[in-house]
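For reference, the structure discussed in these notes is given below.
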Amino acid sequence: GAVVSQHPSRVICKSGTSVKIECRSLDFQATTMFWYRQFPKQSLMLMATSNEGSKATYEQGVEKDKFLINHASLTLSTLTVTSAHPEDSSFYICSARDDVGGQYFGPGTRLLVL
Amino acid sequence: QKEVEQNSGPLSVPEGAIASLNCTYSDRVSQSFFWYRQYSGKSPELIMSIYSNGDKEDGRFTAQLNKASQYVSLLIRDSQPSDSATYLCAVQETSGSRLTFGEGTQLTVNP
């Protein structure tokens, strides 16, 4: 089956630093990837839709200059949390869409900003 | 009104019982419906998808869809302690488009 990986799985950083999270589709090409954020005991909230070779589409209320998304190849999208603050601490999950519309989730990245 | 609403939990059932999870959605043009299971600290995993009115069975799981009522449900027969997790309902407008999730229902199956 389709496999999506994320790296790192867990990261702890100091306030004000930037953190990059990678999302890779391992055995299929994904022209579209989605980035979600999940706070404790809440559901997944879509942050942005990442399209290979073009600018990401951000959901309302998500700052594009703070959450930088790059989808430079058909198997890799990156999310960079710039100048991270404690309120950015969350579980970040990506999903990748295959060419028949199926969506597959990565294992998630837990970010803790001190 | 939220786009996707799930019955409030937590839901607790004894081992071997049937667990019933419900979901309603507001967008009539929605075409695809999914149930995901999420264990604590893990990302969601797809357990059922349904696209047409009626029932769809897969092992101990049965999804039911009623587009007229904008309602989708998941039944888990012979519930096992390993089924204890949060179940997320997700709705998709068109194939491959964004998923909209409900807030989830936490299920506990007691041995």
Side-chain angles (χ1 to χ4, degrees), chain A residues 1-10 21 23-25 28-52 56-60 62 79 89-112, chain B residues 1-11 21-27 29-52 58 72 74 84-108:
Chain A
V3 179
V4 177
S5 70
Q6 277 185 245
H7 179 80
S9 59
R10 183 182 296 267
I21 303 170
C23 178
R24 293 181 185 273
S25 56
F28 67 100
Q29 293 184 331
T31 55
T32 301
M33 292 184 177
F34 302 90
W35 285 97
Y36 295 86
R37 180 168 55 182
Q38 185 178 36
F39 291 107
K41 298 193 182 302
Q42 295 185 25
S43 190
L44 280 75
M45 295 301 296
L46 180 66
M47 298 175 66
T49 301
S50 168
N51 298 297
E52 188 268 336
T57 303
Y58 290 81
E59 295 299 303
Q60 190 174 8
V62 178
L79 168 68
S89 299
S90 188
F91 192 39
Y92 291 86
I93 308 171
C94 73
S95 72
R97 187 176 79 188
D98 65 15
D99 57 6
V100 293
Q103 288 192 34
Y104 304 90
F105 283 90
T109 297
R110 195 161 299 281
L111 170 64
L112 176 61
Chain B
Q1 181 187 4
K2 296 177 182 175
E3 292 185 55
V4 180
E5 292 201 52
Q6 296 184 234
N7 52 327
S8 59
L11 177 65
L21 304 164
N22 303 315
C23 175
T24 58
Y25 58 95
S26 61
D27 190 349
V29 301
S30 299
Q31 296 293 320
S32 307
F33 307 86
F34 307 88
W35 283 99
Y36 286 84
R37 178 176 61 199
Q38 187 176 25
Y39 292 113
S40 180
K42 304 294 184 182
S43 68
E45 58 175 316
L46 179 66
I47 53 173
M48 288 288 283
S49 59
I50 187 166
Y51 308 99
S52 304
D58 183 1
V72 59
L74 179 70
S84 298
T86 295
Y87 289 80
L88 299 167
C89 172
V91 173
Q92 189 179 56
E93 185 174 310
T94 58
S95 177
S97 68
R98 55 177 287 182
L99 293 171
T100 301
F101 286 87
E103 293 194 352
T105 300
Q106 184 179 344
L107 171 67
T108 300

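Remember, it's a predicted structure, so these values are computed and weren't measured experimentally.
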Let's test your reading of the structure: which of A/Q6, A/M45, A/Q38 forms the most heavy-atom pairs below 4.5 Å with chain B?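 Most heavy-atom pairs within the cutoff with chain B belong to A/Q38.
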Based on non-hydrogen pairs under 4.5 Å, which of A/S95, A/P107, A/G108 is most in contact with chain B?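 Ranked by heavy-atom pairs under 4.5 Å with chain B, first place is A/P107.
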Under a 4.0 Å N-O cut-off, is there an ion pair linking B/E103 with A/K41?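 Not counted as a salt bridge, because no side-chain N and carboxylate O are separated by less than 4.0 Å.
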Most chain A-contacting option - heavy-atom pairs closer than 4.5 Å, from B/L88, B/T100, B/L99: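 Counting heavy-atom pairs under 4.5 Å, the top option is B/L99.
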Mind ranking B/G104, B/G41, B/A90 by heavy-atom pairs under 4.5 Å with chain A and telling me who comes out on top?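 Looking at each of B/G104, B/G41, B/A90 in turn, B/G41 comes out on top.
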Using a 3.5 Å distance criterion without hydrogens, assess whether the side chain of A/S43 forms a donor-acceptor pair with backbone atoms of B/G102.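 Yes; at least one donor-acceptor contact below 3.5 Å.
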Please evaluate residues B/E45 and A/F105 with respect to the criterion side chain to side chain contact (heavy atoms under 4.5 Å, CB included), reporting the C-alpha separation (whole Å), side-chain torsions for both, the decisive distance (0.1 Å), and the verdict. CA-CA 7 Å; B/E45 58 175 316; A/F105 283 90; over 6 Å; no
Should A/Q103 and B/L46 be marked as a side chain to side chain contact (heavy atoms under 4.5 Å, CB included) after you check the CA-CA gap, both sets of side-chain angles, and the distance that decides it? CA-CA 9 Å; A/Q103 288 192 34; B/L46 179 66; over 6 Å; no
Name the region of B/Y36, side chain, backbone, both or neither, that has any atom closer than 4.5 Å to a heavy atom of chain A.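 Only the side chain of B/Y36 comes within 4.5 Å of chain A.
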Residues in side-chain hydrogen bond (donor to acceptor under 3.5 Å, both in side chains) with A/S50, at least two apart?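 Only A/H71, A/S77 meet the side-chain hydrogen bond (donor to acceptor under 3.5 Å, both in side chains) criterion with A/S50.
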Give, as side chain, backbone, both or neither, the part of A/I93 having an atom under 4.5 angstrom from any heavy atom of chain B.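 A/I93 touches chain B through side-chain heavy atoms alone.
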Exercise: identify the closest heavy-atom pair between A/G106 and B/S43: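 So the two residues come closest at O-OG, 2.6 Å.
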Shortest non-hydrogen contact between A/F91 and B/Q38, atoms and distance: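 The answer is CE2-NE2, 4.2 Å.
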